[in-house]
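Just below is one structure, and these are the notes that go with it.
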Amino acid sequence: MKLTIGHLYPDLLNLYGDRGNIQCFRKRLEWRGMEAEVIPFLSGDTIDFSQLDIILLGGGSDREQELVCGHLKNIQQDFKNYVEDGGVVLAVCGGYQLLGKYYKTDKKMIEGLSILDITTEWQPERLIRNIVLDSPLFDTPVVGFENHGGRTYIGSHTPFGKVFYGLGNTGKSGYEGVLYKNVIGTYLHGPLLPKNPQVCDYLLERALKRKYGDNIVLEPLKDELEHLANGYIAGRYSDKKYILKETIKRHI
């Protein structure tokens, strides 16, 4: 089995080490004897969404987001059709914001792709810290690092997780990120997936099921160290101190 992963505009959206998410996708497939093809799409490249199983849309500055949005507008409907058809997307920080209706900065309005019914507004105080989430998708915490000036309002969409420690979408809502079909939008850097193998496997399994059928189940990997590291971070930064103990008990 093989998955094709499209890395959109790594020449522009390349902040905070999020290329590590691509490596995590690749290695966790290879460790299971599956093939991973990664296709980087640079500015101006033609994107055939029908050939892609997973898309990574990373983070960038306001200027870079505006440039990327200009490229994506030409393929907005194709991207939207891919999402509505169950295509798997991981959108981080600037990529997360681009999926919405707009990002309002202190100087201008950057029109988004309107794939999700979300909006983002800039504020001068950046939201920067480690963050721990409880996501409805997983029985272990999701950990990462956030650094964003935008406040994202997700309306009636389902959040990626409830914030145990950190600031999240707006700094006040108590929630972080967004879930829609097979899309995860999030402000979590780190990069996200190596710190949270359960999130990586969730996205891989969704992509495999879409391509090969619902009977696909990923075999577990030996992730004891990853789970211990995840539990340590959750226990260190979350006021829910029991997370560390329970996480270690489940995975040791």
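Residue numbers start at 1 and run along the sequence shown.
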Test of understanding: clusters of I, L, V, M, F, W, Y form through side-chain heavy atoms closer than 4.5 Å, transitively. Do [X] and [Y] belong to the same one?
{"X": "Ile118", "Y": "Tyr153", "result": "no"}
{"X": "Trp122", "Y": "Leu127", "result": "no"}
{"X": "Leu179", "Y": "Ile131", "result": "yes"}
{"X": "Val163", "Y": "Ile184", "result": "yes"}
{"X": "Ile128", "Y": "Leu188", "result": "no"}

Are the side chains of [Y] and [X] in contact, using a 4.5 Å heavy-atom criterion?
{"X": "Val88", "Y": "Leu3", "answer": "no"}
{"X": "Leu193", "Y": "Lys27", "answer": "no"}
{"X": "Leu98", "Y": "Ile115", "answer": "no"}
{"X": "Tyr103", "Y": "Lys108", "answer": "no"}
{"X": "Met109", "Y": "Lys101", "answer": "no"}
{"X": "Leu99", "Y": "Val83", "answer": "no"}
{"X": "Val38", "Y": "Phe25", "answer": "no"}

>> Val142 vs Gln198, test: side-chain contact (heavy atoms from CB on, under 4.5 Å). Steps then yes/no.
In response: CA-CA 9 Å; Val142 178; Gln198 75 278 24; 4.1 Å; yes
Flag, side chain of [X] to backbone of [Y], donor-acceptor distance under 3.5 Å:
{"X": "Arg151", "Y": "Gly149", "result": "yes"}
{"X": "Tyr82", "Y": "Asp53", "result": "yes"}
{"X": "Asp134", "Y": "Phe164", "result": "no"}
{"X": "Asp11", "Y": "Ser43", "result": "yes"}
{"X": "Arg129", "Y": "Gly166", "result": "no"}
{"X": "Glu37", "Y": "Thr4", "result": "no"}
{"X": "Glu226", "Y": "Pro197", "result": "no"}

> Any chance NZ of Lys104 has more than 12 other-residue heavy atoms, nucleotides or ligands included, within less than 6.0 Å?
Replying inline: no
> Counting heavy atoms not belonging to Lys211, are there more than 12 under 6.0 Å from its NZ?
Replying inline: yes
Atom of [X], atom of [Y] and distance for their closest heavy-atom approach:
{"X": "Pro191", "Y": "Gly20", "value": "CG-CA, 3.8 Å"}
{"X": "Tyr102", "Y": "Thr119", "value": "CE2-CG2, 3.4 Å"}
{"X": "Arg126", "Y": "Asn147", "value": "NE-OD1, 2.8 Å"}
{"X": "Asn215", "Y": "Tyr212", "value": "OD1-O, 4.0 Å"}
{"X": "Phe41", "Y": "Gly6", "value": "CE1-CA, 4.0 Å"}

>> Evaluate Thr152 against Gln97 for side-chain hydrogen bond (donor to acceptor under 3.5 Å, both in side chains), listing each step before the verdict.
In response: CA-CA 7 Å; Thr152 297; Gln97 296 168 353; 4.7 Å; no
From [atom1] ([X]) to [atom2] ([Y]), nearest 0.5 Å:
{"X": "Ile233", "Y": "Asn196", "atom1": "CD1", "atom2": "CG", "answer": "8.0 Å"}
{"X": "Tyr180", "Y": "Leu116", "atom1": "OH", "atom2": "CG", "answer": "7.5 Å"}
{"X": "Cys24", "Y": "Leu56", "atom1": "SG", "atom2": "CG", "answer": "11.5 Å"}

> Yes or no on side-chain contact (heavy atoms from CB on, under 4.5 Å) for Asn21 and Leu192, after CA distance, side-chain angles and deciding distance?
Replying inline: CA-CA 7 Å; Asn21 292 316; Leu192 170 69; 3.9 Å; yes
>> Does Val89 form a side-chain contact (heavy atoms from CB on, under 4.5 Å) with Phe79? I'd like the steps, not just the answer.
In response: CA-CA 10 Å; Val89 179; Phe79 199 162; 4.0 Å; yes
>> Give me each pair satisfying side chain to side chain donor-acceptor pair (under 3.5 Å) with a member in residues 155-164, each pair once, sequence neighbours excluded.
In response: none
> Out of Arg206, Arg210, Lys209, which one pairs with Ile216 under the side chain to side chain contact (heavy atoms under 4.5 Å, CB included) rule?
Replying inline: Lys209
>> Just to verify, which of Ile154, Val199, Val178 counts as forming a side chain to side chain contact (heavy atoms under 4.5 Å, CB included) with Phe160?
In response: Val199
> Should the ring pair Tyr187 and His148 be called parallel, tilted or perpendicular, given that the plane angle runs from 0 to 90° and is split at 30 and 60?
Replying inline: parallel
With [X], which residues qualify under salt bridge (charged side-chain N to carboxylate O under 4.0 Å, His left out), at least two apart?
{"X": "Glu121", "value": "none"}
{"X": "Arg32", "value": "Asp201"}
{"X": "Asp45", "value": "none"}

>> I'd like to know whether Arg19 forms a side-chain contact (heavy atoms from CB on, under 4.5 Å) with His7, so could you lay out the CA-CA distance, the side-chain angles of the two residues, the decisive distance to 0.1 Å, and finally the verdict.
In response: CA-CA 9 Å; Arg19 290 173 186 263; His7 190 180; 3.9 Å; yes
> When you check the side-chain N and O atoms of Gln77 and Asn81, is any donor under 3.5 Å from an acceptor?
Replying inline: yes
> So, Tyr96 and Asn169: side-chain donor and acceptor under 3.5 Å apart, yes or no?
Replying inline: yes
> What residue pairs, at least two apart or across chains, pass salt bridge (Lys or Arg N to Asp or Glu O under 4.0 Å) with a residue in residues 88-98?
Replying inline: none
> What's in the same ILVMFWY side-chain cluster as Trp31, cut-off under 4.5 Å, chained through other members?
Replying inline: Leu221
